[in-house]
Colleague: 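Here's a structure for you.
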Amino acid sequence: MTTLHDPMIRSFASDNYSGVHPEVLAAIAAANDGHQIAYGEDVYTARLQEVFAHHFGEGSQAFPVFNGTGANVTGLQSMLPRWGAVVAASTAHINVDEGGAPEKVAGIKILNVPTDDGKLTPELVDMEAWGWGDEHRAQPLVVSITQSTELGTLYTPDEIRALADHAHSRGMRLHLDGARLSNAAAALDLPIRAFTKDAGVDLVSAGGTKNGALAAEAIVVLDPAASQGLPYLRKLNMQLSSKMRFVSAQLIALYEGDLYLRNARHANAMAARLRAAVEAGLADGSIDGVRFSQPTQANGVFAILPDGVAEKLRESFRFYDWDASKNEVRWMCSFDTTESDVDAFVAALSRLTRG
């Protein structure tokens, strides 16, 4: 097949824009010859259970799925009765970026809480965690957090433990959306289980696609008592892969060794380089009028630009508005973002803000 795109072009729009890491592609190819039993009864999916038990603890169970929305919707659906509701940050992916799938597919009410940094606290949870026994109110039974958050911020293990203890004391469960789980592990320099299993999380949506995989995510059940019916719900929600070995092989390639960390560390480092270069430009006067709206803790940079700059900058580099009403944008770095990509982006930003 003829390549239809320019492989030299990079964007700062999303880590979903990047391709598949060569080691992941090699894993798909290695799993390709011959026959394996379909629908997850293959040796690769069995091996994945061992790999994830290393990261999430003994007794964890992984259910490979195609995408993050499927992982979140199916995982949460398994945690809730029909009358259940989820408390989440107003910026949560399940609240603003999944097309209403939690509500329409899973029938889940999202009780969203405003938060400036994308993070929940026990006090914020309590804004919506009330009304148990009131038949007129959807019952808040799960707290959902994202690590790293949609605003690029991080929870410490102690912050997650506080949320888990708070939720459990109220008869609720804790779900963690880990689309960028590896970026959090790299930034915190901690094992994954330190801020999941060991911190009291009950169920995780473990990411792969944003970190070098191709349509490969997993629902990881950490407390079996917190989830019911996942084998049936995965099929019902069209997330059961017939050729699951190829999904599992990708996740093995990422998580069996240190590829998940290598990729995430690089993406985080490129975001740090981008922020540092803009800060240096602001300090020496080569960049003007740019402000940062969030700390840069993982692989995302959030900034507020002068009027008209975003549109001109997008003529060369694609990226998304975060809050167009105040010129806030998001710049994401990926495992394949290069130093020269960052430097070219900052140079263009400098020309436009000083022009």
Colleague: Is a side-chain donor-acceptor pair under 3.5 Å present for Ser205 with His175?
Modeller: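 Indeed, the side chains of His175 and Ser205 share at least one donor-acceptor pair under 3.5 Å.
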Colleague: How close do Thr153 and Gln294 get, counting heavy atoms only, and between which atoms?
Modeller: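 In terms of heavy atoms, the two residues are closest at CG2-OE1, 3.9 Å.
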Colleague: Does Thr296 reach the side chain of Phe302, with side-chain heavy atoms less than 4.5 Å apart?
Modeller: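 They are not in side-chain contact.
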Colleague: Given side chain to side chain donor-acceptor pair (under 3.5 Å), test Gln228 with Ser78 step by step and report yes or no.
Modeller: CA-CA 5 Å; Gln228 301 293 323; Ser78 78; over 6 Å; no
Colleague: As an exercise, state the distance from CG of Asn263 to CG of Asp336, rounded to the nearest 0.5 Å.
Modeller: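 Going from the CG atom of Asn263 to the CG atom of Asp336 covers 9.0 Å.
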Colleague: Could Lys312 and Glu315 be called an ion pair, given the rule that one side-chain N must be under 4.0 Å from one carboxylate O?
Modeller: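 Salt bridge between Lys312 and Glu315, a charged N being under 4.0 Å from a carboxylate O: no.
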Colleague: Can a side-chain donor-acceptor contact be found between Thr338 and Asp341 if the only test is distance below 3.5 angstrom?
Modeller: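 The answer is yes; a qualifying pair exists.
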Colleague: Would you give the length of the straight line joining atom NE2 of His55 to atom CD1 of Ile192, rounded to the nearest 0.5 angstrom?
Modeller: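 CD1 of Ile192 is found 5.0 Å from NE2 of His55.
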Colleague: With the side chain counted from C-beta on, respond yes when Leu190 and Pro157 share a heavy-atom pair under 4.5 Å apart, and no when they do not.
Modeller: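 Yes; the side chains approach each other to less than 4.5 Å.
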Colleague: Is the closest side-chain heavy-atom distance between Leu174 and Ile145 below 4.5 Å?
Modeller: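 Yes - at least one pair of side-chain heavy atoms lies under 4.5 Å apart.
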Colleague: Please name the pair of heavy atoms, one in Ser60 and one in Val220, separated by the smallest distance, quoted to 0.1 Å.
Modeller: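 Closest pair (atom of Ser60, atom of Val220, distance): CB-CG1, 4.1 Å.
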Colleague: ring-ring contact (aromatic ring centres under 6.0 Å, His included) with Phe345: which residues, sequence neighbours excluded?
Modeller: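 Phe345: ring-ring contact (aromatic ring centres under 6.0 Å, His included) contacts with Phe12, Phe317, Trp331.
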Colleague: Distance check, rounded to the nearest 0.5 Å: Asn211 atom CG versus Leu181 atom CG?
Modeller: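 Between Asn211 CG and Leu181 CG, I get 9.5 Å after rounding to 0.5 Å.
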Colleague: For Thr115, which residues count as a side-chain hydrogen bond (donor to acceptor under 3.5 Å, both in side chains) partner, sequence neighbours excluded?
Modeller: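 In terms of side-chain hydrogen bond (donor to acceptor under 3.5 Å, both in side chains), with neighbours along the sequence ignored, Thr115 is linked to Asp117.
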Colleague: Looking only at the aromatic ring of each residue, does the gap between the centers of Tyr255 and Phe52 stay below 6.0 angstrom?
Modeller: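 That pair passes the under 6.0 Å test.
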Colleague: Any salt bridge (charged side-chain N to carboxylate O under 4.0 Å, His left out) involving residues 204-223? Give me the pairs, sequence neighbours left out, ordered by first then second residue.
Modeller: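 Residue pairs passing salt bridge (charged side-chain N to carboxylate O under 4.0 Å, His left out), neighbours aside: Arg173-Asp223.
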Colleague: Any side-chain donor paired with an acceptor under 3.5 Å for Asp202 and His168?
Modeller: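 Yes, His168 and Asp202 have a side-chain donor paired with an acceptor closer than 3.5 Å.
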Colleague: Per the ring pair (Phe, Tyr, Trp, His ring centres under 6.0 Å) rule, what does the pair list look like for residues 61-114, sequence neighbours excluded?
Modeller: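 Matches after skipping sequence neighbours: none remain.
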Colleague: Considering only heavy atoms from C-beta outward, does the side chain of Arg330 approach that of Val301 to under 4.5 Å?
Modeller: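 Side-chain contact under 4.5 Å: no.
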Colleague: Can you measure from CG (Asp165) to CD1 (Ile160) and round to the nearest 0.5 angstrom?
Modeller: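 The distance works out to 12.0 Å.
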Colleague: With a 4.5 Å cut-off on side-chain heavy atoms, are Ser144 and Ile94 touching?
Modeller: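 Yes; the side chains approach each other to less than 4.5 Å.
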Colleague: Should Leu80 and Val86 count as side-chain neighbours, where that means a heavy-atom distance under 4.5 Å?
Modeller: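 Yes; the side chains approach each other to less than 4.5 Å.
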Colleague: If you measure from the Lys or Arg side-chain nitrogens to the Asp or Glu carboxylate oxygens, is any gap between Lys119 and Glu150 under 4.0 Å?
Modeller: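 No, Lys119 and Glu150 are not salt-bridged.
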Colleague: Output a table of donor-acceptor pairs, distance under 3.5 Å, between side-chain atoms of residues 30-41 and any protein atom two or more places apart or on a different chain; print 'none' if there are none.
Modeller:
residue, atom, partner, partner atom, Å
Gln36, OE1, Val43, N, 2.8

Colleague: For residues Val113 and Met127, report the shortest heavy-atom separation together with the two atoms involved.
Modeller: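 Smallest interatomic distance, heavy atoms only, reads CG1-SD, 3.7 Å.
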Colleague: With side chains defined as the heavy atoms from C-beta onward, is the minimum distance between Asp97 and Thr69 less than 4.5 Å?
Modeller: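 The answer is no; the side chains never approach within 4.5 Å.
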Colleague: Would you call Asp198-Arg161 a salt bridge at under 4.0 Å N-O?
Modeller: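 Arg161 and Asp198: not salt-bridged.
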Colleague: Kindly work out whether a path of hydrophobic side-chain contacts (I/L/V/M/F/W/Y, heavy atoms less than 4.5 Å apart) joins Leu233 to Val105.
Modeller: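 No, Leu233 does not connect to Val105 through the hydrophobic network.
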Colleague: Any side-chain heavy-atom pair from Val73 and Glu98 closer than 4.5 angstrom?
Modeller: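 They are in contact (side-chain heavy atoms under 4.5 Å apart), so the answer is yes.
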Colleague: Could you give me the CA-CA distance, side-chain angles and deciding distance for Asn327 and Asp307, then say whether side chain to side chain donor-acceptor pair (under 3.5 Å) is met?
Modeller: CA-CA 7 Å; Asn327 293 342; Asp307 289 342; 2.6 Å; yes
Colleague: If you take all heavy atoms of Ser248 and Thr45, which pair is closest and at what distance?
Modeller: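 Looks like OG-OG1, 2.7 Å.
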Colleague: Do Arg314 and Phe319 form a cation-pi contact, if we require the NZ or CZ to be under 6.0 Å from the six-membered ring centre and within 45 degrees of the ring's axis?
Modeller: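 Yes, cation above the ring, under 6.0 Å and within 45°.
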Colleague: Please check if any side-chain donor atom of Arg318 sits under 3.5 Å from a side-chain acceptor atom of Tyr17, or the reverse.
Modeller: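 There is such a pair between these side chains.
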Colleague: Could you check whether any side-chain N or O of Glu159 sits under 3.5 Å from a backbone N or O of Thr156, counting only pairs where one atom can act as donor and the other as acceptor?
Modeller: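 Between the backbone of Thr156 and the side chain of Glu159 there is a qualifying donor-acceptor contact (under 3.5 Å).
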Colleague: Can a donor-acceptor pair be found between the side chains of Asn299 and Asp15 at a distance below 3.5 Å?
Modeller: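 Indeed, the side chains of Asn299 and Asp15 share at least one donor-acceptor pair under 3.5 Å.
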Colleague: Would you kindly confirm whether Leu254 and Phe335 end up in one hydrophobic cluster when ILVMFWY residues are joined by side chain heavy atoms under 4.5 Å apart?
Modeller: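 Not linked; separate clusters.
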Colleague: What distance separates Met172 CE from Gln139 CD, expressed to the nearest 0.5 Å?
Modeller: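 If I round to the nearest 0.5 Å, the distance is 10.0 Å.
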Colleague: Taking 4.0 angstrom as the limit, do Asp343 and Arg273 come out as a salt bridge?
Modeller: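 Yes.
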Colleague: Which heavy-atom pair separates Ile287 from Thr353 by the least distance, and what is that distance?
Modeller: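 What the structure gives for the nearest pair is CA-OG1, 3.5 Å.
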Colleague: Could you check whether atom CG of Asp126 has more than 12 heavy atoms from other residues, nucleotides or ligands sitting under 6.0 Å from it?
Modeller: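 Result for CG/Asp126: enclosed.
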Colleague: For the CG atom on Asp284, are there more than 12 heavy atoms of other groups (residues, nucleotides or ligands in this structure) within a distance under 6.0 Å?
Modeller: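 Enclosed.
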Colleague: Are Glu23 and Arg262 within salt-bridge range, i.e. N to O under 4.0 Å?
Modeller: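 A salt bridge links Glu23 with Arg262.
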Colleague: Ring pair (Phe, Tyr, Trp, His ring centres under 6.0 Å): which pairs involve residues 112-139, sequence neighbours left out?
Modeller: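 Those involving residues 112-139 do not exist here.
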Colleague: Quick one: does any side-chain atom of Arg245 pair with a main-chain N or O of Ile28 as donor and acceptor, under 3.5 Å?
Modeller: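 A pair under 3.5 Å: no.
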Colleague: Is Glu103 paired with Lys109 through a side-chain N to carboxylate O contact shorter than 4.0 Å?
Modeller: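 Result for this pair is no, no salt bridge flagged.
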Colleague: What heavy-atom pair brings Asn95 and Ser90 nearest, and what distance separates the two atoms?
Modeller: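 Reported closest heavy-atom pair: ND2-O, 2.8 Å.
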